[in-house]
Amino acid sequence: MSATTAAVPFWRAAGMTYIGYSNICAALVRNCLKEPFKSEAASREKVHFSVAKWADGKQEKPSVILVSVLRVPALHGQPGSLLLA
Amino acid sequence: MAPLGARSVSTQIVRNRMKSVKNIQKITKAMKMVAASKLRAVQTRTENSRGLWQPFTALLGDAPSVDVKKNVIVAITSDKGLCGGINSTSVKVSRALHKLTSGPDKESKYVILGEKGKVQLVRDSRSSIEMTVSELQKNPINYTQIAVLADDILKNVEYDALRVVFNKFHSVISFKPTMVTILSPEVAEKESEAGGKIGDLDAYEIEGGETKSEILQNLAEFQFSCVLYNGALENACSELGARMSAMDSSSRNAGDMLDRLTLTYNRTRQASITTELTEIISGASALEG
């Protein structure tokens with residue numbers, strides 16, 4: 001199976017996986033909600049875990065992933081904003 | 001031992017033991033109730049999340065016996081203890097899988113979610129650990145968090161087949177260790193040529209401008225994320241259920257211990273009263289006589 005050059009979607013070409021892409025889209029949709037629902041949805045997107053890579057049987061320093069920061073280019077000339085708080 | 005100057009056996013030691021056992025019983029009862037209330041909340045979410053991976057199994061089938069070069073075993077365990085034997089069963093299954101899938105030109109690595117699994121697997125499989133994750137349950141488990149984690153795993157670990165091991169929650173007293181296999185898109189293509197459920201994939205029409213391999217890639221990533229989400233929730237449920245039953249049996253044991261100690265206490269108390277009485281009476285009769 002060859003010929004993957006033509007139809008690779010833009011996000012795949014940029015190095016994102018499908019779940020990374022769908023995560024960003026979901027964050028965008030959540031950002032469009034109105035107030036009471038927006039704060040409920042915000043509780044559904046809190047990210048917190050601590051991951052440590054191992055090499056040769058030794059654990060390297062763990063890094064805590066707290067938020068996934070998405071910067072979206074400005075709409076209507078307003079500065080780009082943090083989407084996931 | 002008995003306080004200085006006492007003429008009879010002291011009940012103080014027994015009383016101290018009874019007090020501490022009663023405190024332990026109160027604590028374990030409270031832990032059981034906390035686990036029960038948390039379980040109610042997580043259980044509904046778990047049952048709802050089962051619908052996420054069922055379409056994948058309907059579409060792609062499950063191939064646990066697939067033979068590939070690079071296996072990655074994703075073991076989901078808990079961070080906290082006092083939850084009975086669920087972490088040990090998960091680790092046992094992971095170790096057996098590791099043995100099964102290692103060989104002359106095959107290898108298998110671990111990705112461990114949760115402290116308890118890491119502690120057990122570090123003892124004998126240090127060199128096969130690729131990544132460990134902890135502090136997953138600081139906030140209630142949500143899909144976004146698991147998706148970020150799945151993304152991290154997919155980007156950093158090379159795999160032909162991912163095997164996710166977790167405890168599936170059947171009921172409050174029954175948790176069965178389960179394994180779900182997710183094939184990488186290349187292996188899935190090979191399997192589809194071989195036939196079986198995946199072979200029927202060609203019967204589907206593909207809309208849009210994508211090729212079959214792209215779709216398989218997207219599907220594989222999304223399947224991993226859904227399965228990981230469901231696995232994490234099921235494991236959390238099993239952890240809470242196991243903690244409930246562990247704390248329940250611990251409270252019952254503490255109650256039994258308390259009964260036995262009470263009997264000893266009463267016997268000692270009555271014996272010391274009897275000795276005092278006999279001393280007084282014999283002293284009195286010695287004076288009269």
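From a predicted model like this one, the values you see are computed outputs, not experimental measurements.
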Let me know if Asn218(B) has heavy atoms under 4.5 Å from chain A in its side chain, its backbone, both or neither. both
Main-chain N/O of Ile19(A) paired to Asp151(B) side chain as donor or acceptor, under 3.5 Å: no
Euclidean distance, Asp152(B) CG relative to Phe49(A) CZ, rounded to 0.5 Å: 5.5 Å
Using a 4.5 angstrom heavy-atom cutoff, name the option from Leu149(B), Val122(B), Leu154(B), Ile112(B) with the most pairs to chain A. Leu149(B)
Are more than 12 heavy atoms, taken from residues, nucleotides or ligands other than Glu47(B), located less than 6.0 Å from that residue's CD atom? yes
Hey, which of Arg44(A), Glu45(A), Lys46(A) is the one that makes side-chain contact (heavy atoms from CB on, under 4.5 Å) with Thr144(B)? Glu45(A)
Scored by heavy-atom pairs under 4.5 Å with chain A, the best of Ala150(B), Pro140(B), Ala220(B), Ser134(B) is Ser134(B)
Whatever's closer than 4.5 Å to a heavy atom in chain A on Lys109(B) counts as neither
To the nearest 0.5 Å, what is the distance between OG1 (Thr132(B)) and CH2 (Trp54(A))? 6.0 Å
Under 4.5 Å from any heavy atom of chain B, what part of Ser43(A) do you find: side chain, backbone, both or neither? backbone
Let me know if Ala52(A) has heavy atoms under 4.5 Å from chain B in its side chain, its backbone, both or neither. both
Just checking, is any N or O donor in the side chain of Glu135(B) or His48(A) under 3.5 Å from an acceptor N or O on the other one? yes
Taking the side chain as every heavy atom from C-beta outward, state whether Tyr18(A) and Leu219(B) have any atom pair closer than 4.5 Å. no
When rounded to the nearest 0.5 angstrom, what distance separates NZ in Lys138(B) from OG in Ser50(A)? 10.5 Å
To the nearest 0.5 Å, atom CD of Glu221(B) lies from atom CE of Met16(A) at 11.5 Å
Residues in residues 231-242 of chain B that sit under 4.5 Å from chain A, counting heavy atoms only: none
Applying side chain to side chain donor-acceptor pair (under 3.5 Å), name anything that partners Gln217(B), two or more places apart in sequence or on another chain. none
Tell me whether Lys38(A) at atom NZ has more than 12 heavy atoms from other residues, nucleotides or ligands lying less than 6.0 Å away. yes
Give me the atom names and distance for the closest heavy-atom approach of Glu214(B) to Pro9(A). OE1-CD, 3.9 Å
Does Lys80(B), at its NZ atom, have more than 12 non-hydrogen atoms belonging to other residues, nucleotides or ligands within less than 6.0 Å? no
Identify the two heavy atoms, one from Val47(A) and one from Gln145(B), that lie closest to each other, and give their separation to 0.1 Å. CG2-CA, 3.9 Å
